[in-house]
Amino acid sequence: QVQLVESGGGLVQAGDSLRLSCAASGLPFSRYAMGWFRQAPGKERKLVAHIHWSGGRTYYVDSVKGRFTISRDNAENSVYLQMNSLKPEDPAVYYCAASTVPEPGYGMDYWGRGTLVTVSS
């Protein structure tokens, strides 16, 4: 049974940092590309960052470039999202997801339940 469990969300002030973690189990983690998505109230869930299974290629949506960093530790079956300089437009439920397709922009195979990030201005 595949499980993706996110953690690290919380309430912070604008300009602060948070580090999200996603622990994966039940799948050959090093064979899966991983993505972080977010969904704000009333909006569609959208890709924020994506990392190749090797960790050698990453993708970021323009709005987070230079502020967010996705990384992974295949030995720990985990993926991370370091979020710096958080802005009032960043609050959302953040989800991690796994895909056998190495490139971003395709459907994901597995999803976590999400972790809530709230930013106060």
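On a predicted model such as this, the values are computed, not experimentally measured, just so you know. Values below: all heavy atoms of this structure, side chains included; hydrogens, waters and symmetry mates excluded.
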Evaluation steps, side chain to side chain contact (heavy atoms under 4.5 Å, CB included), between Glu103 and His50: CA-CA 8 Å; Glu103 302 301 331; His50 184 277; 5.6 Å; no
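- To the nearest 0.5 Å, atom OG of residue Ser54 and atom CZ of residue Arg31 are 12.0 Å apart.
- Note that OG of Ser85 and NZ of Lys87 are 8.0 Å apart. Values are rounded to the nearest 0.5 Å.
- If you check the side chains of Ser78 and Asp73, you find no donor sitting under 3.5 Å from an acceptor.
- When all heavy atoms of Ala49 and Leu81 are compared, the closest pair comes out as CB-CD1, 4.0 Å.
- Residues Val79 and Phe29 come closest through the heavy atom pair N-CZ, 4.1 Å.
- Nearest heavy atoms, Gly35 versus Met108: N-CE, 3.8 Å.
- Closest of all the heavy-atom pairs between Tyr110 and Leu27 is CD1-CD1, 4.3 Å.
- For the pair Gln13/Leu86, no side-chain contact is recorded, criterion being any heavy-atom separation below 4.5 Å from C-beta on.
- In this structure the side chain of Asp109 reaches within 4.5 angstrom of the side chain of Thr100, judged on heavy atoms.
- Taken together through direct or relayed side-chain contacts under 4.5 Å among Ile, Leu, Val, Met, Phe, Trp and Tyr, Val101 and Tyr32 form parts of separate hydrophobic clusters.
- Taking the ring axis of Tyr95 as reference, the NZ or CZ atom of Arg113 does not stay both within 45° of it and closer than 6.0 Å to the ring centre.
- Side-chain contact between Leu4 and Cys96: present, with at least one pair of heavy atoms (C-beta onward) separated by less than 4.5 Å.
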Quick one, Met83 with Tyr94, criterion side chain to side chain contact (heavy atoms under 4.5 Å, CB included). Give me CA distance, side-chain angles, the key distance, then yes/no. CA-CA 11 Å; Met83 305 187 295; Tyr94 283 71; 3.8 Å; yes
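- Under the 4.5 Å side-chain heavy-atom criterion for ILVMFWY residues, a single connected hydrophobic cluster contains both Val2 and Trp36.
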Worked check of side chain to side chain contact (heavy atoms under 4.5 Å, CB included) between Arg45 and Val93: CA-CA 9 Å; Arg45 186 162 56 186; Val93 177; over 6 Å; no
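- The number of heavy atoms from other shown groups lying within 6.0 Å of CD (Glu89) is above 12.
- For an aromatic pair to be called close, the ring centres must be under 6.0 Å apart, and Trp111 with Phe37 satisfies this.
- At a threshold of 4.5 Å between side-chain heavy atoms, the hydrophobic network of Ile, Leu, Val, Met, Phe, Trp and Tyr places Ile70 and Tyr80 in two separate groups.
- Side chains of Arg19 and Thr69 form no contact here, defined as non-hydrogen atoms less than 4.5 Å apart.
- One distance of note links CZ of Arg57 with NE2 of His52; it measures 4.0 Å at 0.5 Å rounding.
- A distance of 10.0 Å separates CG of Asn74 from CE of Met34, quoted to the nearest 0.5 Å.
- The structure places CZ of Phe68 at 9.0 Å from CG of Leu18, a figure rounded to the nearest 0.5 Å.
- A salt bridge links Lys65 with Asp62: the distance from a Lys NZ or Arg NE/NH1/NH2 to an Asp or Glu carboxylate oxygen falls below 4.0 Å.
- Relative to the six-membered ring of Trp53, Arg72 misses at least one condition, a distance below 6.0 Å or an angle of at most 45° to the axis.
- In this structure, Ala40 and Ala92 approach most closely via the heavy-atom pair N-CB, 3.8 Å.
- What you find for Gly114 and Glu6 is that their closest heavy atoms are N-OE1, 2.9 Å.
- Looking at heavy atoms from C-beta onward, Leu20 lies out of side-chain contact with Ser7 at the 4.5 angstrom threshold.
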Under the criterion side chain to side chain contact (heavy atoms under 4.5 Å, CB included), I'd like the reasoning laid out for Val12 against Thr118: C-alpha separation, chi angles, the key distance, then a yes or no. CA-CA 6 Å; Val12 296; Thr118 306; over 6 Å; no
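- Annotation: side chain of Ile51 is not in contact with side chain of Tyr59 (no heavy-atom distance under 4.5 Å).
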